[in-house]
Amino acid sequence: MVPTSYYVLLSAVLFILGVIGVVTRRNALVLFMSVELMLNSANLALVAFAAARQDVAGQIVVFFVIVVAAAEVAVGLALLVAIFRSKRTTDVDEIHALRG
Amino acid sequence: MTEITIPPIDWRVATQLCIIFGWASVLLIIALFVPRSRIRVVGYLAIAGLVVAAGAGIPFWGGSAETFGGMLRLDTYSMMLNWLFLAAAAVVIAYSLNYLPKHGIEHGEYYVLVLFATAGMMLLAQGGDLIVLFLGLELLSLTLYVLTGFAYPRETSEESGMKYLLTGAFAGGFIVFGIALIYGATGSLNLAAIGDTLARAALAAEDRTYLYAGAALIVTGFGYKIAMAPFHMWAPDVYEGAPTPVAAFLSVGSKAAGFAALVRFLVEAMGSQWPVWAPALATLAIATLLLGNIGALIQNNVKRMLAYSSVGHAGYMLLGVLAAGAPGGMAGQRGVEAVLLYLLAYMLTNLGAFGVLIALEQRGELTWDINQFAGLWARRPLLASAMAICLLSLAGVPPTAGFWGKFYVFTAAWQAGFGWLTIIGILTAAIAAFYYVRIVVQMFTAEPSRETPAETDPALRAGLVIAIAGILVLGFMPAPAIDLVQRSVLATVGGQ
């Protein structure tokens with residue numbers, strides 16, 4: 001059996017990859033994908049802990065997280081489409097009417 | 001195969017939530033059948049729902065109960081916050097009734113979204129379980145993303161919606177991963193159960209690593225929501241681009257709900273770990289106080305200035321949160337009271353200030369330069385006085401609500417042993433007074449640079465009167481409000 005800490009390590013690596021993606025990439029679609037990676041790394045950790053503790057609560061949380069992630073992407077893509085219609089870009093550095 | 005038994009559900013705990021959720025869902029359908037020209041009826045109906053929900057809470061005041069296996073709580077703390085959220089939502093809807101048609105963005109969904117956001121805030125105040133806190137936070141955030149981008153196709157509104165969504169989703173990722181780690185460390189998601197586990201025995205080294213990493217991630221995630229430095233960068237852009245009533249809602253409701261959940265998490269679940277998290281949070285509080293207030297100092301855009309000032313106010317509330325976790329009962333209770341009183345004062349004041357901004361805002365006008373306020377006293381004395389009262393209250397000048405909020409927070413922090421932090425708080429409050437007074441001076445002494453028309457309507461005036469009256473009543477007679485917050489006890493384990 002694989003120790004739980006291996007799963008946690010893997011999920012931490014995925015989480016950090018997601019964070020790096022959000023911080024460095026400038027395409028809004030890639031940013032959404034990076035956020036998804038962060039959420040799914042948390043799901044992996046939750047499932048691993050739930051399996052180690054023989055407890056279903058962690059597995060149930062995963063479903064909630066999946067639903068919330070889907071809702072978030074739905075709203076995000078709607079906003080992105082609205083912005084794309086008026087600005088013809090998905091690069092977040094090009095969207096800068098507000099600053100100061 | 002074990003049989004699943006569902007424990008009896010105490011619906012009293014969820015009454016207010018059910019009313020808001022149910023009414024929002026019904027209203028969404030009603031809005032479809034209301035003709036476009038009469039859509040403000042939906043707004044009136046939404047306010048009616050908020051009033052009914054507020055009234056429905058009165059019989060349950062004073063008690064403490066939990067249901068859904070401890071996932072949902074109703075104690076005097078959450079009840080008080082629920083009333084605050086309902087009142088703020090009602091004022092925001094009153095502000096919006098004429099703002100929306102004036103700016104050509106009147107849709108029935110707006111009012112429904114405000115109701116759903118309010119339900120999210122109430123979930124955050126009542127949640128006794130990490131997953132409920134997460135769901136409440138996401139319900140609140142998702143609706144606010146849409147509301148922020150509601151002035152589509154105005155570019156600034158779209159942009160601020162996008163920025164808010166990206167930072168909010170990023171913060172959500174931190175919170176989920178933090179929840180996962182805390183679940184791994186303690187084997188539970190219930191705040192009270194986590195608190196029990198941590199208070200009973202020391203964790204194994206590996207679990208302790210998970211716990212602290214998880215707690216740090218959750219505090220970071222909530223830090224974004226309450227605009228705590230260094231996670232506040234989104235606030236000025238989002239406040240500036242969002243429709244002004246939505247900015248008002250964001251600045252009071254979202255922040256109050258974030259603090260409600262943060263206090264619950266830190267005090268109920270992590271209370272025994274106070275010596276570990278207090279120094280870290282104290283550092284963040286100092287950063288928030290300095291960055292917020294100095295950021296506001298260099299702004300000429302009033303809306304952005306209010307955004308930075310709201311960051312600064314988050315710093316003062318963090319002082320209360322620090323005191324709330326302090327061991328020894330009395331100091332902790334003082335801290336919770338201080339956070340609540342500060343939230344009450346801050347809410348009234350910011351709603352008032354944004355109300356004046358709404359009165360001054362013209363269609364298509366996006367400059368919020370401080371010059372707009374020049375000579376306002378000569379043209380609209382009532383509006384100018386209202387703004388002056390709000391700004392003095394934000395600065396914490398007696399006898400206004402803001403003074404008592406600051407006074408209570410500083411006393412609580414001092415009693416909890418944060419003397420040097422209190423001194424930094426007082427110093428930054430002095431910096432803050434400077435930029436608030438700058439606007440007051442502009443309004444009362446400067447010559448009008450140009451004619452800025454200001455329009456008010458009965459609904460906006462009603463909202464303003466409520467806010468200003470609240471500030472003055474709380475300022476001159478703080479006793480009833482202090483009495484109210486002193487009864488607002490965070491019911492911890494077993495509903496003591």
Side-chain angles (χ1 to χ4, degrees), chain A residues 4-5 7-8 11-12 14-16 18-19 22-23 28 31-32 34-50 52-55 57-58 60-62 64-65 67-69 71-76 78-80 82-87 90 92 95-100, chain B residues 129-132 134-135 137-139 141-143 145-146 148-149 152-170 172-181 183-185 187-190 206 209-210 213-214 217 236-241 298-301 304 366:
Chain A
T4 314
S5 57
Y7 289 105
V8 180
S11 64
L14 288 173
F15 182 78
I16 292 166
V19 172
V22 173
V23 173
L31 291 184
F32 284 138
S34 304
V35 169
E36 285 300 301
L37 190 61
M38 289 167 70
L39 292 174
N40 284 323
S41 72
N43 286 347
L44 178 63
L46 278 166
V47 176
F49 284 130
R53 290 183 177 270
Q54 299 284 310
D55 177 37
I60 294 169
V61 173
V62 171
F64 283 104
V65 175
V67 170
V68 165
E72 213 158 49
V73 166
V75 172
L79 271 169
L80 193 62
I83 289 182
F84 188 74
R85 277 197 189 134
S86 48
K87 306 221 28 156
T90 56
V92 286
I95 308 168
H96 50 59
L98 302 164
R99 56 173 45 180
Chain B
D129 191 283
L130 285 174
I131 194 64
V132 176
F134 172 65
L135 286 178
L137 188 77
E138 289 298 328
L139 179 63
S141 304
L142 283 172
T143 46
Y145 304 150
V146 180
T148 308
Y152 169 82
R154 201 175 76 196
E155 265 179 31
T156 47
S157 173
E158 287 173 6
E159 179 183 330
S160 61
M162 192 62 173
K163 281 183 173 164
Y164 191 31
L165 181 122
L166 285 173
T167 46
F170 190 51
F174 277 86
I175 290 180
V176 176
F177 202 73
I179 290 175
L181 288 180
Y183 173 68
S188 177
L189 291 159
N190 189 292
E206 189 185 319
T209 317
Y210 293 157
L217 286 171
D237 284 354
V238 172
Y239 281 31
E240 189 187 350
I298 56 173
Q299 282 297 332
N300 273 325
N301 179 322
R304 294 181 79 89
L366 291 167

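Order of the sequence lines sets the chain letters (A, B, ...), proteins ahead of strands, with each chain counted from 1.
- For the options A/R85, A/E72, A/M38, heavy-atom pairs under 4.5 Å to chain B are most numerous at A/E72.
- If you measure heavy-atom distances from B/L217 to chain A, the contacts under 4.5 Å come from the side chain alone.
- Once rounded to the nearest 0.5 Å, the distance linking CG of A/D55 with CG of B/L189 reads 8.0 Å.
- Contacts of B/A185 with chain A are made by backbone atoms alone, with heavy-atom separations under 4.5 Å and no side-chain atom involved.
- Minimum interatomic distance between A/A42 and B/V176 (heavy atoms only, all atoms of both residues): CB-CG1, 3.3 Å.
- Atom CG of residue A/N40 and atom CZ of residue B/F177 lie 12.0 Å apart, to the nearest 0.5 angstrom.
- Contacts with chain A were tallied for B/G161, B/G149, B/A180; B/A180 has the most, counting heavy-atom pairs under 4.5 Å.
- With a 4.5 angstrom heavy-atom cutoff, A/V35 touches chain B only via side-chain atoms.
- For the set A/A57, A/A52, A/S34, the entry with the most heavy-atom pairs within less than 4.5 Å of chain B is A/A57.
- Looking at A/V65 and B/F134, their side chains come closer than 4.5 Å, going by heavy atoms from C-beta outward.
- Looking at B/Y152, the atoms closer than 4.5 Å to chain A (heavy atoms on both sides) all sit in the side chain, from C-beta outward.
- Between the side chains of A/S5 and B/E206, no donor-acceptor pair is found at a separation under 3.5 Å.
- Separating the CE atom in B/M162 from the CG atom in A/L31 is a distance of 7.5 Å, to the nearest 0.5 Å.
- Contact tally against chain B (heavy-atom pairs below 4.5 Å) for A/L39, A/V73, A/V68: the top residue is A/V68.
- In this structure, chain B has heavy atoms under 4.5 Å from both the backbone and the side chain of A/V19.
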For a side-chain contact (heavy atoms from CB on, under 4.5 Å) check, start with the C-alpha distance between B/L165 and A/F32, then their side-chain angles and the critical distance, and finish with the verdict.
CA-CA 10 Å; B/L165 181 122; A/F32 284 138; 3.0 Å; yes
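- With a 4.5 Å cut-off on non-hydrogen atoms, B/S160 touches chain A through its backbone and its side chain both.
- Counting all heavy atoms, side chain and backbone alike, B/E158 lies closest to A/S86 at OE1-OG, 3.1 Å.
- With a 4.5 angstrom heavy-atom cutoff, A/A48 does not touch chain B via any of its atoms.
- To the nearest 0.5 Å, atom CD of residue B/E159 and atom NZ of residue A/K87 are 6.5 Å apart.
- By the 4.5 Å heavy-atom criterion applied to side chains, A/L46 and B/Y183 are counted as neighbours.
- By the 30° and 60° cut-offs, the orientation of the rings of A/F15 relative to B/F174 is perpendicular.
- With chain B as the partner, the residue from A/A50, A/A74, A/A78 showing the most heavy-atom pairs under 4.5 Å is A/A50.
- Proximity to chain A involves both the backbone and the side chain of B/L181, based on heavy atoms less than 4.5 angstrom apart.
- Listed options B/L139, B/L142, B/L130, B/I175 were ranked by heavy-atom pairs under 4.5 angstrom with chain A; first place goes to B/L142.
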